[in-house]
Enquirer: 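Structure in structure tokens, see below.
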Amino acid sequence: ILLSMASADSYKEPKYTLVEKDGKIEIRQYSEYVIAKTSIGKGDMELNNNMFRTLAGYIFGGNSKNQSIPMTAPVITKNNDSNYDMIFFMLDVDEPSQLPDPNNRNVTIDKMEIGKTASITFGMWATEGRVGRYKKKLDKYIENNNLEIESPLMVAQYNSPWTVPPFRKNELIYKIK
């Protein structure tokens with residue numbers, strides 16, 4: 001039963017080229033993707049669930065064509081200077097113009113050039129403590145390998161909320177030079 005629950009989350013994911021692998025740390029090369037994004041002010045972090053509902057509303061028909069758009073993985077969150085962003089990948093299109101307009105003005109459709117990244121994979125829940133622990137490992141790898149970070153830390157969560165913790169997949173990702 002647990003194995004079937006673990007494999008039930010099979011969403012389309014952004015493709016990448018693996019450049020290098022060192023245990024749970026990978027250097028990857030991604031291309032550009034169309035995304036749906038919503039943001040809140042940094043002081044409003046408790047609204048994280050509202051951000052998910054806002055983006056889910058868009059892909060489940062809250063758009064100008066009442067069209068359903070396939071769910072993808074991962075869901076990305078990141079802190080910018082003044083905002084906290086949540087991102088869904090729109091993997092079935094090449095241009096934002098191919099998607100219906102969002103009904104909610106808090107959803108923007110754009111392109112995201114991910115490029116070269118350094119990432120670390122971990123399981124269970126992406127709690128603040130676990131993110132901090134894996135961030136230290138990734139930061140040490142980046143420092144030891146003289147890599148230059150070009151983006152805020154991105155937290156990628158791949159599973160639905162009902163996936164049992166031992167089968168969950170999360171990643172921390174930095175865009176690098």
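All heavy atoms count here, side chains included; hydrogens, waters and symmetry mates do not. In what follows, residues are counted from 1 in the order of the sequence shown. This one's a predicted model, so the numbers in the text were calculated from it and none came from an experiment.
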Enquirer: Any heavy-atom pair between the side chains of Ser39 and Thr108 that's under 4.5 Å?
Expert: no
Enquirer: Answer yes if Met154 and Leu138 sit in the same cluster of Ile, Leu, Val, Met, Phe, Trp and Tyr residues linked by side chain heavy atoms under 4.5 Å apart, and no otherwise.
Expert: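 No, Met154 and Leu138 fall in different hydrophobic clusters.
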Enquirer: Output, in order, the C-alpha distance, side-chain angles, deciding distance and verdict of side chain to side chain donor-acceptor pair (under 3.5 Å) for Trp162 and Ser160.
Expert: CA-CA 6 Å; Trp162 50 85; Ser160 63; 3.1 Å; yes
Enquirer: To the nearest 0.5 Å, how far apart are OG1 in Thr54 and CE in Met86?
Expert: 9.0 Å
Enquirer: With a 6.0 Å cut-off on the ring centroids, do Phe52 and Phe88 count as close?
Expert: yes
Enquirer: Could you tell me if the side chain of Pro74 sits less than 4.5 Å from the side chain of Phe89, heavy atoms only?
Expert: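 The answer is yes; the side chains approach within 4.5 Å.
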Enquirer: Check this for me: Lys111, atom NZ, are more than 12 non-hydrogen atoms of other residues, nucleotides or ligands nearer than 6.0 Å?
Expert: yes
Enquirer: Let's go through Phe122 and Lys24 carefully: what are the C-alpha distance in whole Å and the side-chain angles of both, what is the deciding distance for side chain to side chain contact (heavy atoms under 4.5 Å, CB included) to 0.1 Å, and is it a yes or a no?
Expert: CA-CA 8 Å; Phe122 63 100; Lys24 293 178 182 264; 5.7 Å; no
Enquirer: Check this for me: Lys177, atom NZ, are more than 12 non-hydrogen atoms of other residues, nucleotides or ligands nearer than 6.0 Å?
Expert: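 No, not enclosed.
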Enquirer: Mind listing the closest non-hydrogen atom pair of Ile27 and Lys116 along with its distance?
Expert: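 Taking Ile27 first and Lys116 second, the nearest heavy atoms are CG2-CE, 3.6 Å.
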Enquirer: Under 4.5 Å between side-chain heavy atoms, counting indirect links through other Ile/Leu/Val/Met/Phe/Trp/Tyr residues: same cluster for Val155 and Ile40 or not?
Expert: no
Enquirer: Can you confirm whether more than 12 heavy atoms, excluding those of Glu113, are under 6.0 Å from its CD atom?
Expert: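 Counting neighbours around CD of Glu113, more than 12 heavy atoms of other residues, nucleotides or ligands fall under 6.0 Å, so yes.
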Enquirer: Exactly one of Val131, Asp139, Asn79 should register a side chain to side chain contact (heavy atoms under 4.5 Å, CB included) with Leu153. Which one does?
Expert: Val131
Enquirer: Passes side chain to side chain contact (heavy atoms under 4.5 Å, CB included), Phe167 versus Asn159? Steps please.
Expert: CA-CA 9 Å; Phe167 298 107; Asn159 307 100; over 6 Å; no
Enquirer: Out of Asn104, Leu99, Asn103, Thr38, which one pairs with Tyr58 under the side chain to side chain contact (heavy atoms under 4.5 Å, CB included) rule?
Expert: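 It is Leu99; the other options fail the test.
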Enquirer: Any idea which heavy atoms bring Lys169 and Glu171 closest together, and the distance?
Expert: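 Answer, listing the atom of Lys169 first, then Glu171: CE-OE2, 3.6 Å.
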Enquirer: Could you go through Arg168 and Met124, starting from their C-alpha distance and side-chain angles, then the distance that decides it, and tell me whether this counts as side chain to side chain contact (heavy atoms under 4.5 Å, CB included)?
Expert: CA-CA 5 Å; Arg168 297 186 68 77; Met124 304 298 280; 5.7 Å; no
Enquirer: Between Ala36 and Ile109, which heavy-atom pair has the shortest distance, and what is it?
Expert: CB-CD1, 3.8 Å
Enquirer: Do Ile149 and Ile25 belong to the same hydrophobic cluster, where Ile, Leu, Val, Met, Phe, Trp and Tyr are linked whenever their side-chain heavy atoms lie under 4.5 Å apart, directly or via other members?
Expert: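 The answer is yes; both residues are in one hydrophobic cluster.
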